[in-house]
Every structure is written in C-alpha cells, then in structure tokens.
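Report on the following structure.
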Amino acid sequence: MDERVRLLNSEPVRSTARYVLYWMRANRRASHNHALAFASQLANDRGLPLLCYESLDGNSNDRLCTFVLEGIPENARRLRALGAGYVFSLSDALARLAAEAACVVTDDFPTLAAPTGLTAACYGVDSSCIVPMSEIGGRQYAAYAIRPKIRKLLPRHLAPVSPVQLRRSFPDRHFEFQTEVAEADIPGLVASCDIDHSVPPSVSFHGGAAAAESRLEHFLVHNLHRYARHRNEPAAHATSEMSPYLHFGHISALEVALRVKEHARRHKLIADEFLEQLIVRRELAFNFAHYAARPDSLAELPEWARGTLARHAGDERPAVWSRDDFVQARTHDALWNATQTEMLRRGVIHGYYRMYWGKKIVEWSASCGEALATAIHIHDRFALDGRDPNTYANIMWCFGLHDRPWPERPVFGMVRTMTRAGLERKTDVEAYLREAGTA
Ligand SMILES: Cc1cc2nc3c(=O)[nH]c(=O)nc-3n(C[C@H](O)[C@H](O)[C@H](O)COP(=O)(O)OP(=O)(O)OC[C@H]3O[C@@H](n4cnc5c(N)ncnc54)[C@H](O)[C@@H]3O)c2cc1C
C-alpha cells in the first residue's frame, strides 16, 4: 500500500478528533478502492470511525453535476452499510469537516488540484491506476517504453483490494450542510445549483456504481469476444463505454481488469487488446499527467513534434474554423460534425473517430495553440470522461505526443495525419452518419 500513498502537506495528525475523513474526489466508490482501504486502516489504528465526503468538486454544468449526483445514493447506501459515515454536500464543506478530523485522505489524481489550507495531515492515495504511478519510475515517452514496466509490476498489483472492515461505526449524526440525494430529486437539485445550465445531461449515460457494473456486465457478455476485431468500427458498438465511469471512479480499472480476465479465462477468450487499452494506454496517460508540469501545454510535446509543427505554422490550412464553429458542429465536413454531435448529445465520441475529431481540429484551426485550446474547451464542457489524464494525453497525441515521426505533410509536418478517405476505407462512415441523424 505504501507505494500508493503520499503526504500532501506538512500538518500534524490531530490528536483529539472525531473521525478520519476520506474526501472522495476521483474514486467515488465503496469497493476496489485503495484510498478507502487506507483511510479505514488509519481510522482503525486510531480507534476512530471513518467519515466519507463527496461534493460536486467543480463539476459545474447539468451534464457533469447529474452524473455525479446519480452516483450519490448508491455510494451513501454502500458506505453506510460498511459502518462509515457518509456526507454529500452541494456546497464546499471540506474545511468544516476537516476541522474535526484526525487527518484527511483523498485521491491522488493528477488532473485534480491538491487541497490547500487544511489544518490536519492530508494523504493522497493513488487508487486510479492498477500499477501505482510512483512505481513506474519517471516519465515514459511511448507505449513501448511503459509496457514492459507494467508487465513486470502487474502480477503484484492485479489483485482485489481487501474488503473494508471498520472497527467503529460512525455515530448517527446529521451535518447542517449535508444533502441527502434521492434519485427522484436529482433534476430539482441540479436546477437549484448555480452552475452552467446550457449543457444537458447525456442522452446515454447514467452515473453511479450500479450503472457502471451493469454496463461492464453487458460488455463482458456481448462485446469482449468481438472487441479486438471491431473496436475501431463505431457502428459495431463493440467497445466497453466505461470511460465516464472510470473518470468519476464509479468503477475501478482494477475491478474491470479482474472481471475481464476472469471472464476471458472462463470462456477461453483472449482479452489482450482490451487490457492493452485499459492498462497500458490508460496508465501511460496517467504517467504523462503525473510528470508533466503542464499537461495542457504544447511545451510538453517531444522536441521533434514541436519543431516540425513550428516549421509548418505558416502553412495554409485547407479550412479555418473558429471555436464556436467547432462547438456547434458547423464545419464543412459532415463526418466531423457527426463526431461533435455525438459529443454534444452523449458526452463521449467513439475512440477511433475521436482521433479524427482531434486531428481535424489541429488541421482546421488558425494555429496549434488555438486548436489545443478548442479541444480542451470542448472536453471540459461536454465530455463525461473529460478533465482526465486521458483527456490531456490523447489531445496531445493529436500533436505528436507518445507517437513517432511520419512522412511530412502540410500543417502537421511529421505529426501523423488522418483523412476521411482513410476512415471510409476502414469503417462504415455512412452507418455512423445515419445513427448520428446527420446523414
Ligand atoms: C482527441 C482524443 C481525446 C480523448 N479524450 C479522452 C478523455 O477525455 N477521456 C478518456 O477516458 N479517454 C479519452 N480518449 C481516449 C479514448 O478515445 C477513450 O478512452 C475511449 O474512446 C473510451 O471509450 P471506451 O470506454 O468504450 O473504450 P474501450 O475501447 O472500451 O477501452 C476501455 C478503456 O481503456 C482506456 N482507453 C481506451 N483507449 C484509450 C486511449 N487511446 N488512451 C488511453 N486510454 C484508453 C479507457 O479508460 C477506456 O474506457 C481520447 C482520445 C482522443 C483521440
């Protein structure tokens, strides 16, 4: 466990306290959660109960807020059943709760700002990666570099987290700032929040651990066996669609990997392609966001990519669209517009077409800086799996991160390009356009 934990401040553990506080920010779940296990162990060691706290934590539009709220009733039920206290607050209650805590445990998640101003010790726990970020030993520049390290360390970490056993139950107590969330109240609660009401909830994703588990079950039964063949065909719907749940921690990559491996063993399937994405690609993204000073900056690109993009900065673009045109899916390309429409309606884009989506923003923006800002802006606002290490690493991939030089082309230089003709050759673009309702 130690390799997952780091002290985030220099405050002492408070000697007179009512509980240990676990602030669930990125791993909003009651099982397969190393941070929850660590907080429980601290509580048991000190003879204290455990209190778990969740808030909206910056998820400030109807789509993100609804997804978080949909996870709350299940978390409250499951955590209280373990004997922990559970508080959800629509307003920020961290400082007030921390004032009575021996210490605070939270999720060590590279794209969330570390808490400041706490007057008790605060520990960050990496419960997002299967192989702890600290064990990889520095920044890795491509999948081929991190893959052998992960393979070596994986057997030790690909194991269930021991179930939480709390020695002391949290006493019956109501905090005045606490909000009890019932499923039926969610639209009203969202409407009452002072947030951006212009982005509606996703038409296809419902938040929460139970929803994550049933989507995983569906994937195991219907799609794992055809994932390797069809994962790049959007019309086949063969991917897991776990990314929103992984981002909000409603399910852990660890649990997904264990379930996938077990299902593959029982049904004699090969799950390597899926595990490559879930573990190697995802943890490469966490490695990037963990070590990069500014994961949202072109300065983090490899030197060859920065150089070649700079040499082509003055190239004439085949089209130039503004951020607003991109947001509103108003480019000249029906396929690109359909990918953006998927983002606007569902809050994700199919993985293969998402590459096209990103590459075309690079090609059709006035500059690389503007393209990066547009891609991040759209993810921040509309993506259910946005603001994640995967967001930054993959948007930066469109500019050459974790990739190699390719034959030189206008605008991109030696950075890999993608064309609509290529997608038409390899996938059923027409079927995708029909589904998007834009054909
Ligand atoms: C421009 C661009 C932006 C992206 N933004 C995000 C983002 O904001 N959040 C996000 O989670 N992913 C992002 N991705 C990566 C990828 O598109 C999504 O993870 C994937 O499409 C999610 O769908 P799924 O859950 O059905 O994936 P599956 O194919 O079922 O894969 C299972 C899991 O593996 C991981 N995974 C899959 N592909 C990748 C990848 N290329 N890199 C890292 N991990 C991967 C994800 O956690 C995913 O949920 C982006 C890709 C591009 C090209």
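Atoms within each ligand, like the ligands themselves, are counted from 1 in listed order.
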A side-chain contact here means heavy atoms from C-beta on lying under 4.5 Å apart; do [X] and [Y] qualify?
| X | Y | value |
| --- | --- | --- |
| E183 | H206 | yes |
| V415 | W304 | yes |
| N27 | F109 | no |
| L79 | L36 | yes |
| N390 | H247 | no |
| T66 | E70 | yes |

Among all protein non-hydrogen atoms, which one is nearest to [atom], and what is the separation to 0.1 Å?
| atom | value |
| --- | --- |
| atom 25 (O) of ligand 1 | M242 N, 3.0 Å |
| atom 8 (O) of ligand 1 | T391 OG1, 2.7 Å |
| atom 10 (C) of ligand 1 | N390 CB, 3.3 Å |
| atom 36 (N) of ligand 1 | Q277 O, 3.6 Å |
| atom 24 (P) of ligand 1 | E241 N, 3.5 Å |
| atom 51 (C) of ligand 1 | N394 CB, 3.2 Å |
| atom 9 (N) of ligand 1 | D385 O, 2.9 Å |
| atom 18 (C) of ligand 1 | R354 NH1, 4.0 Å |

Output yes when [X] and [Y] qualify as a salt bridge under the 4.0 Å nitrogen-oxygen rule, no when they do not.
| X | Y | answer |
| --- | --- | --- |
| R139 | E300 | yes |
| R282 | D388 | no |
| R345 | E435 | no |

Taking N or O atoms only and a 3.5 Å limit, does [X] qualify as a polar contact for ligand 1?
| X | result |
| --- | --- |
| Y227 | yes |
| S243 | yes |
| W397 | no |

Can you tell me if [X] has a non-hydrogen atom under 4.0 Å from ligand 1?
| X | result |
| --- | --- |
| C398 | yes |
| M355 | yes |
| A285 | no |
| H247 | no |

Using a 4.0 Å heavy-atom cut-off, which part of [X] comes near ligand 1: side chain, backbone, both, or neither?
| X | answer |
| --- | --- |
| S240 | both |
| F274 | side chain |
| A383 | neither |

Is atom 2 (C) of ligand 1 close to the protein, meaning a heavy atom under 4.0 Å from it?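 Protein heavy atoms within 4.0 Å of atom 2 (C) of ligand 1 - there is at least one.
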Relative to the heavy atoms of [X], which atoms of ligand 1 are at a distance of less than 4.0 Å?
| X | result |
| --- | --- |
| G351 | 17 (O), 21 (O) |
| L278 | 34 (O) |
| L246 | 47 (O), 49 (O) |
| H379 | 3 (C), 4 (C), 5 (N), 8 (O) |

Are more than 12 heavy atoms from other residues, nucleotides or ligands located less than 6.0 Å from atom CZ of R323?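 More than 12 heavy atoms, drawn from other residues, nucleotides or ligands, come within 6.0 Å of this atom.
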Do other residues, nucleotides or ligands put more than 12 heavy atoms under 6.0 Å from the CG atom of D324?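 Yes - once you tally the heavy atoms of other residues, nucleotides and ligands closer than 6.0 Å, there are more than 12.
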List the steps, then state whether salt bridge (Lys or Arg N to Asp or Glu O under 4.0 Å) holds for E262 with R259. CA-CA 5 Å; E262 174 56 18; R259 293 282 316 277; over 6 Å; no
Before you tell me yes or no, could you show the steps for E363 and R416 under salt bridge (Lys or Arg N to Asp or Glu O under 4.0 Å), namely the whole-Å CA-CA distance, both residues' side-chain angles and the distance that decides it to 0.1 Å? CA-CA 11 Å; E363 196 171 341; R416 183 200 299 250; over 6 Å; no
Specify the closest pair of heavy atoms between W364 and Y356, including all atoms of both residues, with the distance to one decimal.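 Heavy atoms only, the tightest pair is CH2-OH, 4.5 Å.
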